[in-house]
A.B. asks: 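Attaching a single structure in structure tokens format; questions to follow.
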Amino acid sequence: MAKSFLIWFWSGGGGGSAFAVNLARRLAREYGAKAVKLSLRADDPALTRARALGLQALSAEVVSARKQPLATLARLAHARAVLSEHARGADAIIVAMNFAAAAPLSLGLRQKLIYCAHDPTPHPGDYAPLWQRATQALLLARAARVVALSDYAASLLRARGLAAKLAVAPLASVHEPQAPRARGPGPARLLLAGRMLAYKGLDILAAALDPIATRDDWRLTIAGHGPALDAAMSARLAHAQVERIAPGWLSEVALEALIAGHDVLLAPYRSATQSGVVAQAMAHGLPCVATPVGALPEQIGAGGWIAGAADAPAFASALTQALDSDRAAESAAALGVARAAWEGDHWSWLGEV
């Protein structure tokens, strides 16, 4: 029976690191602060946040990067020694998300392995899809338990024959609800934020903004990093109401501040399993406008507006509905969904692994 856990994620920040920190905070709440350790790469900006939250956050001086495959493989022996030291005293090791060295290093672990499978298969246009498939297949086979972060993801994993080792814990269950700021009069403040890849649907958003370009009751901030937000796309999105296009990496602190300062999150995805940004936004009481792909309708529920299809006309219609609403009911519903997930019994099974 597992009583202590190491949450392990050796990548350079981003959504995986944020999830690892939030999961550590959630499990420390459930099992006690001394029962949970977090191992992050030494250059991961999330270390600062983890320590500020009072978590046991260990720093790993290792090479683990998909853009450095040879260096990652050459330093596996050193990385294995670091992992062994960090895992000392842990009954189970939780891989918060797949990363470059996770699969080969998992082969030498003595402790039980728990793997959080964010995406059962790579999204169209995602990074290194063949590497993702191969390494994830090894982690799925090696894991004692596999965590699906939505019912939708669970259905895909069951179809791969993983029902016997599957646990479901909604992604929202690691995001502690926050009291939303008072939202006064004025234009609706819309936000698109996160990793900008092709499947995130920036082209859908660009076309959907054209029908509302004559309205002055909205403002849009676009912030994030990725190849889909190139100069040509930035030009397509350059309406007068688009106040800021910031094509750079977002720290978790910066993302939290953006979410807290806006009214509605946009998720015009072409493909999705579930969305970390959606879960984070709803924890702040931000309703979402989203396409009906993957687990997005499941995540959002009554806390937003779901387009009738993953295309520009349908997204424009849903966005118009959001602008024409006072949004109070959807905001309350979003916060209610987040609170139910945070307070729900989604992680107690870990103690029985």
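This is a predicted model, so every value here is computed, not measured. Position 1 is the first residue of the sequence, and the numbers go up from there.
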A.B. asks: Nearest 0.5 Å, what's the CG-SG distance between Leu296 and Cys288?
C.D. replies: 8.5 Å

A.B. asks: For a 4.5 angstrom cut-off between non-hydrogen side-chain atoms, does Thr48 reach Val253?
C.D. replies: no

A.B. asks: State whether the side chain of Gln241 and the backbone N or O of Ala213 hold a donor-acceptor pair below 3.5 Å, judged by distance alone.
C.D. replies: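 A pair under 3.5 Å: yes.
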
A.B. asks: If you apply the rule side-chain contact (heavy atoms from CB on, under 4.5 Å), what do you find for Ser59 with Leu47, and how did you get there?
C.D. replies: CA-CA 8 Å; Ser59 170; Leu47 271 170; 4.1 Å; yes

A.B. asks: Mark yes or no for whether Trp10, through its side chain, and Leu83, through its backbone, hold a donor-acceptor pair below 3.5 Å.
C.D. replies: no

A.B. asks: Apply side-chain contact (heavy atoms from CB on, under 4.5 Å) to residues Ile300 and Met282 and explain how you reach the verdict.
C.D. replies: CA-CA 8 Å; Ile300 292 167; Met282 293 183 67; 4.1 Å; yes

A.B. asks: Which residue pairs satisfy the salt bridge (charged side-chain N to carboxylate O under 4.0 Å, His left out) criterion with at least one member in residues 30-56, sequence neighbours excluded?
C.D. replies: Arg26-Glu30, Arg41-Asp43

A.B. asks: Decide if atom NE2 of His239 counts as having more than 12 heavy atoms of other residues, nucleotides or ligands within a radius under 6.0 Å.
C.D. replies: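 Atom NE2 in His239 is packed in, count exceeds 12.
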
A.B. asks: For the side chain of Gln274 and the backbone of Ala279, is there at least one donor-acceptor N/O pair under 3.5 Å apart?
C.D. replies: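 The answer is no, because no donor-acceptor pair under 3.5 Å joins these two groups.
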
A.B. asks: Is there a donor-acceptor contact under 3.5 Å linking the side chains of His86 and Ser39?
C.D. replies: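 Short answer, yes.
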
A.B. asks: Among residues at least two apart in sequence or on other chains, which ones pass ring-ring contact (aromatic ring centres under 6.0 Å, His included) with His118?
C.D. replies: Phe19

A.B. asks: Would a single hydrophobic cluster contain both Ile259 and Leu220, if residues Ile, Leu, Val, Met, Phe, Trp and Tyr are joined by side-chain heavy-atom contacts under 4.5 Å?
C.D. replies: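 No; tracing contacts between hydrophobic side chains, which count when under 4.5 Å, never links both residues.
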
A.B. asks: Pro104 and Ala100: which non-hydrogen atoms are nearest, and at how many Å?
C.D. replies: CD-O, 4.1 Å

A.B. asks: Step by step, work out the side-chain contact (heavy atoms from CB on, under 4.5 Å) result for Gln280 and Glu252.
C.D. replies: CA-CA 10 Å; Gln280 196 168 358; Glu252 189 68 8; 2.9 Å; yes

A.B. asks: Which atom pairs, donor and acceptor, lie under 3.5 Å between side-chain atoms of residues 312-319 and protein residues at least two apart or in another chain?
C.D. replies:
none

A.B. asks: Tell me whether Leu286 is reachable from Leu205 by hopping between hydrophobic residues (I, L, V, M, F, W, Y) whose side-chain heavy atoms are closer than 4.5 Å.
C.D. replies: no

A.B. asks: Would you compute the distance between atom CG of Leu23 and atom CD1 of Ile7 and round it to the nearest 0.5 angstrom?
C.D. replies: 4.0 Å

A.B. asks: Taking a hydrophobic cluster as the set of Ile, Leu, Val, Met, Phe, Trp and Tyr residues connected by side-chain heavy atoms closer than 4.5 Å, whether directly or through intermediates, do Leu250 and Met97 fall within one such cluster?
C.D. replies: no

A.B. asks: Atom CG of Asn98 and atom CG of Asp119: how far apart are they, to the nearest 0.5 Å?
C.D. replies: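 Rounded to the nearest 0.5 Å, the CG-CG separation comes out at 10.0 Å.
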
A.B. asks: Working to the nearest 0.5 Å, report the span between CD1 of Ile93 and NZ of Lys112.
C.D. replies: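 With rounding to 0.5 Å, CD1 (Ile93) is 13.0 Å from NZ (Lys112).
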
A.B. asks: Same cluster or not: Val168 versus Leu113, using hydrophobic residues (I, L, V, M, F, W, Y) connected whenever any side-chain heavy atoms lie under 4.5 Å apart?
C.D. replies: no

A.B. asks: Specify the closest pair of heavy atoms between Leu202 and Met196, including all atoms of both residues, with the distance to one decimal.
C.D. replies: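 Taking Leu202 first and Met196 second, the nearest heavy atoms are CD1-SD, 3.7 Å.
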
A.B. asks: side-chain contact (heavy atoms from CB on, under 4.5 Å) for Arg215 and Asp324? Distances and angles first, verdict last.
C.D. replies: CA-CA 11 Å; Arg215 299 180 59 152; Asp324 290 342; 2.8 Å; yes

A.B. asks: Testing the 3.5 Å rule here: is there a donor-acceptor pair between the side chains of Glu61 and His78?
C.D. replies: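 His78 and Glu61 do not have a side-chain donor-acceptor pair below 3.5 Å.
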
A.B. asks: Any donor and acceptor pair, going by atom type alone, linking the side chain of Ser84 with main-chain N or O of Arg80 inside 3.5 Å?
C.D. replies: no

A.B. asks: Looking at Thr72 and Ala101, would you say the former's side chain and the latter's main chain have a donor-acceptor pair under 3.5 Å?
C.D. replies: no

A.B. asks: Looking at CD of Gln111 and CD1 of Ile94, how far apart are the two atoms once the value is rounded to the nearest 0.5 Å?
C.D. replies: 12.0 Å

A.B. asks: Do Pro180 and Leu335 touch side chain to side chain, with heavy atoms closer than 4.5 Å?
C.D. replies: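 With C-beta onward as the side chain, the pair touches.
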
A.B. asks: In this structure, which one of Tyr115, Trp131, Phe9 forms a ring-ring contact (aromatic ring centres under 6.0 Å, His included) with Phe99?
C.D. replies: Phe9

A.B. asks: Does one hydrophobic cluster hold both Val36 and Ile114, with members joined at side-chain heavy-atom distances below 4.5 Å?
C.D. replies: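 Yes, because Val36 and Ile114 connect within a single hydrophobic cluster, where side-chain heavy atoms sit under 4.5 Å apart.
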
A.B. asks: For a 4.5 angstrom cut-off between non-hydrogen side-chain atoms, does Leu209 reach Leu237?
C.D. replies: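 In contact.
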
A.B. asks: I'd like to know if the side chain of Thr291 reaches the main chain of Ala307, judged simply by a donor and an acceptor atom lying under 3.5 Å from each other, with no hydrogens or angles considered.
C.D. replies: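 Looks like no, no N/O pair under 3.5 Å.
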
A.B. asks: Give me the atom names and distance for the closest heavy-atom approach of Tyr31 to Ser348.
C.D. replies: OH-O, 3.2 Å

A.B. asks: Is the closest side-chain heavy-atom distance between Leu323 and Val264 below 4.5 Å?
C.D. replies: no

A.B. asks: How long is the gap from CG on Leu58 to CG on Leu38, to the nearest 0.5 Å?
C.D. replies: 7.5 Å

A.B. asks: With a 4.5 Å limit on heavy-atom distance, are the side chains of Pro124 and Ser271 in contact?
C.D. replies: yes

A.B. asks: Identify the residue among Arg29, Arg339, Arg25 that makes a salt bridge (charged side-chain N to carboxylate O under 4.0 Å, His left out) with Glu176.
C.D. replies: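 The single option meeting the salt bridge (charged side-chain N to carboxylate O under 4.0 Å, His left out) with Glu176 is Arg25.
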
A.B. asks: Whether the side chain of Arg142 engages the backbone of Leu109 through a donor-acceptor N/O pair (distance < 3.5 Å, no angle test) should be reported.
C.D. replies: yes

A.B. asks: Contact between Leu197 and Pro227 at the side-chain level, heavy atoms closer than 4.5 Å - yes or no?
C.D. replies: yes

A.B. asks: Which atom names give the shortest non-hydrogen contact between Ala208 and Pro211, and what distance separates them?
C.D. replies: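 Closest heavy-atom pair between Ala208 and Pro211: O-CD, 3.1 Å.
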
A.B. asks: Do side-chain atoms of Asp91 reach the backbone of Lys3 as a donor and acceptor pair under 3.5 angstrom?
C.D. replies: yes

A.B. asks: Could you report the tightest heavy-atom contact between Ala46 and Ser17, atom names first, then the distance?
C.D. replies: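 Minimum heavy-atom contact is CB-CB, 3.8 Å.
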
A.B. asks: Between the side chains of Tyr152 and Gln299, is a donor N or O closer than 3.5 angstrom to an acceptor N or O?
C.D. replies: no

A.B. asks: Could you pull out the closest heavy-atom pair between Ala96 and Gly16, with the gap in Å?
C.D. replies: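 Here Ala96 and Gly16 meet closest at CB-O, 4.4 Å.
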
A.B. asks: State, with a plain yes or no, whether a side-chain heavy atom of His123 is found less than 4.5 Å away from one of Tyr269.
C.D. replies: no

A.B. asks: Taking atom NZ of Lys165 as the centre, does the number of heavy atoms from other residues, nucleotides or ligands within less than 6.0 Å exceed 12?
C.D. replies: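 For Lys165, atom NZ is crowded (more than 12 foreign heavy atoms under 6.0 Å).
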
A.B. asks: Does any part of the side chain of Glu256, heavy atoms only, come nearer than 4.5 Å to the side chain of His284, both counted from C-beta?
C.D. replies: yes

A.B. asks: Working note: Arg327 + Glu330, criterion salt bridge (charged side-chain N to carboxylate O under 4.0 Å, His left out); need CA distance, chi angles, decisive distance, verdict.
C.D. replies: CA-CA 5 Å; Arg327 296 177 291 279; Glu330 288 79 7; over 6 Å; no

A.B. asks: Main chain of Leu140, side chain of Arg160: is a donor-acceptor contact present, judged purely on distance under 3.5 Å?
C.D. replies: no

A.B. asks: Looking only at atom types and distance, does a side-chain atom of Glu298 sit under 3.5 Å from a main-chain N or O of Ser150, one as donor and one as acceptor?
C.D. replies: no

A.B. asks: Under 4.0 Å between a Lys/Arg side-chain N and an Asp/Glu carboxylate O for Arg236 and Asp203?
C.D. replies: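 Not counted as a salt bridge, because no side-chain N and carboxylate O are separated by less than 4.0 Å.
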
